[in-house]
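A quick write-up on the structure given underneath.
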Protein chains: 2
Amino acid sequence: MAKESASAAVTSADVARLAGVSRATVSFVLNDTQAHRVSDTTRARVLAAADQLGYVPHAAARSLRAGRSNLVLMPTSVSAVGRLVSAWLDDLHSELERHGYTTVLHAGRFSDAVGAARAWAELRPAAVVALDGGSLTAEAAGVLRRAGVRAVVGFAARPVEGVYTVAFDHARIGALAAEHLISRGRRRIGVVMPKERGLDTFARPRLAGAESVAARSTSTVNAVEMAYTRQSAAELAARWSELGLDGVFAYNDEYAALLVRALQDEGISVPEDVAVVGCDDLVLAALERPALTTVRLDLPAPARIADALHTLVDTGKAPGMPGMEPVLIHRQSS
Amino acid sequence: MAKESASAAVTSADVARLAGVSRATVSFVLNDTQAHRVSDTTRARVLAAADQLGYVPHAAARSLRAGRSNLVLMPTSVSAVGRLVSAWLDDLHSELERHGYTTVLHAGRFSDAVGAARAWAELRPAAVVALDGGSLTAEAAGVLRRAGVRAVVGFAARPVEGVYTVAFDHARIGALAAEHLISRGRRRIGVVMPKERGLDTFARPRLAGAESVAARSTSTVNAVEMAYTRQSAAELAARWSELGLDGVFAYNDEYAALLVRALQDEGISVPEDVAVVGCDDLVLAALERPALTTVRLDLPAPARIADALHTLVDTGKAPGMPGMEPVLIHRQSS
DNA sequence: CACAGCGTGTAACGCGTGTAACCTTGTTCG
DNA sequence: CGAACAAGGTTACACGCGTTACACGCTGTG
């Protein structure tokens, strides 16, 4: 309470001193070491001392000694994850906590895969889970493994060497949207590419998926850039007629909603003039006027991911995981 | 490349061995230690060896030795932060990175302030920055300080002992909304309380602010619960007539948009029957029909927060920070 | 009485770093 | 020619912790 001046952190040695025992005994008591018995009286003294000093173990020192940490690192910028994923992330966090892991998000910039991996590796996490599988090259995974990371997990379309890959095919999303638009008779299809950084690793494969579908038909696909601002949407809508698009996959429900509004303000009607498809099936998608056609993503159950991660850390092997299979939800905007 | 079998992490001792020098020399080279000179030839050998082995320093061991870490911990669940804050978080992250800090988000549950603080303290961060000032009691701050955390920063209405508080008055937000609704002639005002966990620390003071304003007038304030789902909004709208509310502060632009849609579906018109006020001034707020009246929050500049944090970690003192001053944006929904 | 057995406690080591202190060698200067 | 010095390298220690091996005192038994 009154030891305000003591700026140095409390260590187990302080607890030992106060309790009048050795540091080893303190360790045995606080960790409930079964292999070693301590008398009830000294145990009580140690616990009292620890409580009085407000002792908290030093995670770094502990995992340094143990040779392994209980940290799970999830590299992702906060603003890059939408409502859908953020709720999923929270659940996954809870599940991992039940397994004794400390989950932590790190919003690194993804410009350089190996550089990013190096930064993550410094923390020596037990596992690295990248939602953005694109940031995990085989080389980056190598950096992590060499730094002792037990489990390197990535959400990606195709397996990467050294990465435990959970199937997550963004190209399939784009393909699904394009197939739907074509089946609705649209021939000149736009795909919105967000200008916001961090989203291109998701957006690019979606575009590619749409393009590959169009290549097998008489329809065409064009990328159109747009930032998530009112102005950018308005600018895009203003030059819509010269683009001559009659269908658009808007990356996201939020981008879709923004674009629809801008188009309507320009006198372009949805779905008559332009059919619009979003993604994520957010709450707002069903509420839009017209209600948004969207691609729903059923994310893998957090509990199963957590289990797989745990056995992966423990044994080095893990069972195959069910991936994500996108489903198109047809509503009024297309 | 081929050393797949070597599961042990590579250490600076490995680099030293390969380069044929002592471990100390490796450290001098890799850290560019000015106090000690190293010949160019050995420097080159060391760098080559480090590169070949893919050596990455062990952050925990380093900060253990140094006695301080460069970790900044921000406790917050991902889904609790809206678009507004998440963009701000990313900026703050960048700024802190420029100062050499590694920023990390931890989505702990806030049921027990001291327990949470203890968990954070285990990581021995240089600083803890809590957007949710409510989770930082004086006692929790004590736990952190005793564990050696140099800077404990909280965003809160009133200063907490041992916490460097950045003024962030959620009550003021609720008050502003209530004042506006009253000035628009509304007398029975509802305040939406999200059912989602983690949001109540923000929602409660907003409600309290609205209540204190109403207490000084002839208007009344009632809390109404609502989850961020279509169904919950519909249920609330269904019993709206019996609530008899003619104005509502909907916590958030997103909740507001959802509620407005549900009310309209119920045949209740906005703003004629009910005036609605949101918060955050998101992009979607201006797009809604009717356009949403909202409370804009000017968050403190990330660069200034980062600077203050840095001097706080270094010197223990920091200049006063400009806080957040909410501003009401009047649009058509009220 | 010696010795094994058991219950409790402690000394000591190493995890991977950074750095102060200390050597060794060659060069310069009084 | 001895001393002083600079350059370039190494040895040794400490950071906080968990754990292995060992020491000590006591009891029961041959």
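Keep in mind it's a predicted model, so treat the numbers as computed, not measured. Throughout, protein chains are lettered first and strands after them, A, B, ... in sequence-line order, and every chain is numbered starting at 1.
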Check your understanding: What's the verdict on side chain to side chain contact (heavy atoms under 4.5 Å, CB included) for B:Leu89 and B:Leu131, showing C-alpha distance, side-chain angles and the deciding distance?
Key -> CA-CA 10 Å; B:Leu89 273 186; B:Leu131 282 77; 4.1 Å; yes

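- Residues A:Leu30 and A:Ala50 share a closest heavy-atom pair of CD2-CB, 4.3 Å.
- Of the residues in residues 40-51 of chain A, not one comes within less than 4.0 Å of DNA chain D through any heavy atom.
- When the local axes at the two ends of the helix from C:dC1-D:dG30 to C:dG30-D:dC1 are compared, using 5 base pairs at each end, they differ in direction by 80° after rounding to 10°.
- Between A:Asp32 and A:Arg43 there is a salt bridge, since at least one side-chain N of the basic residue sits less than 4.0 Å from a carboxylate O of the acidic one.
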Practice item. Could you check A:Val56 against B:Arg124 for side chain to side chain contact (heavy atoms under 4.5 Å, CB included), going step by step and ending with a plain yes or no? Key: CA-CA 9 Å; A:Val56 173; B:Arg124 295 290 193 280; 3.9 Å; yes

Output side-chain donor-acceptor pairs under 3.5 Å for residues 301-314 of chain A, partner residues at least two apart or in another chain, one line each.
| unit_1 | atom_1 | unit_2 | atom_2 | d |
| --- | --- | --- | --- | --- |
| A:Asp307 | OD1 | A:His99 | NE2 | 2.9 |
| A:His310 | ND1 | A:Tyr101 | OH | 2.9 |
| A:Thr311 | OG1 | A:Ala308 | O | 3.1 |

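- Spacing between atom CZ of A:Arg37 and atom P of C:dC6 amounts to 13 Å, rounded to whole angstrom units.
- A donor-acceptor pair is defined here as one N or O able to donate and one able to accept, closer than 3.5 Å; such a pair exists between the side chain of B:Asp112 and the backbone of B:Val114.
- Using the six-membered ring where Trp is involved, A:His93 and B:His106 have ring planes that are perpendicular, over 60° apart on the 30 and 60° scheme.
- With sequence neighbours left out, the side chain to side chain donor-acceptor pair (under 3.5 Å) criterion links B:Arg158 to no other residue.
- Remark: B:Phe168 engages B:Phe155, B:His170 in a ring pair (Phe, Tyr, Trp, His ring centres under 6.0 Å) (not counting sequence neighbours).
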All N/O contacts under 3.5 Å from nucleotides 15-21 of chain C to the protein, with atom names and distances to one decimal?
| unit_1 | atom_1 | unit_2 | atom_2 | d |
| --- | --- | --- | --- | --- |
| C:dC15 | O2 | A:Arg65 | N | 3.4 |
| C:dG16 | N2 | B:Ala61 | O | 3.4 |
| C:dT17 | OP1 | B:Tyr55 | OH | 2.7 |
| C:dT17 | OP1 | B:His58 | N | 3.4 |
| C:dT17 | OP2 | B:Ser12 | N | 2.8 |
| C:dT17 | OP2 | B:Ser12 | OG | 3.2 |
| C:dT17 | O5' | B:Tyr55 | OH | 3.3 |
| C:dT17 | O4 | B:Arg23 | NH2 | 3.3 |
| C:dG18 | OP1 | B:Asn31 | ND2 | 3.3 |
| C:dG18 | OP1 | B:Arg62 | NE | 3.2 |
| C:dG18 | OP1 | B:Arg62 | NH2 | 3.4 |
| C:dG18 | OP2 | B:Ser27 | OG | 3.2 |
| C:dG18 | OP2 | B:Asn31 | ND2 | 3.2 |
| C:dG18 | O6 | B:Arg23 | NH2 | 2.7 |
| C:dG18 | N2 | B:Arg65 | NH1 | 2.1 |
| C:dG18 | N3 | B:Arg65 | NH1 | 2.6 |

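- Nearest heavy-atom pair, B:Ala126 versus B:Val149, reported as atom, atom and distance to 0.1 Å: O-CG1, 3.7 Å.
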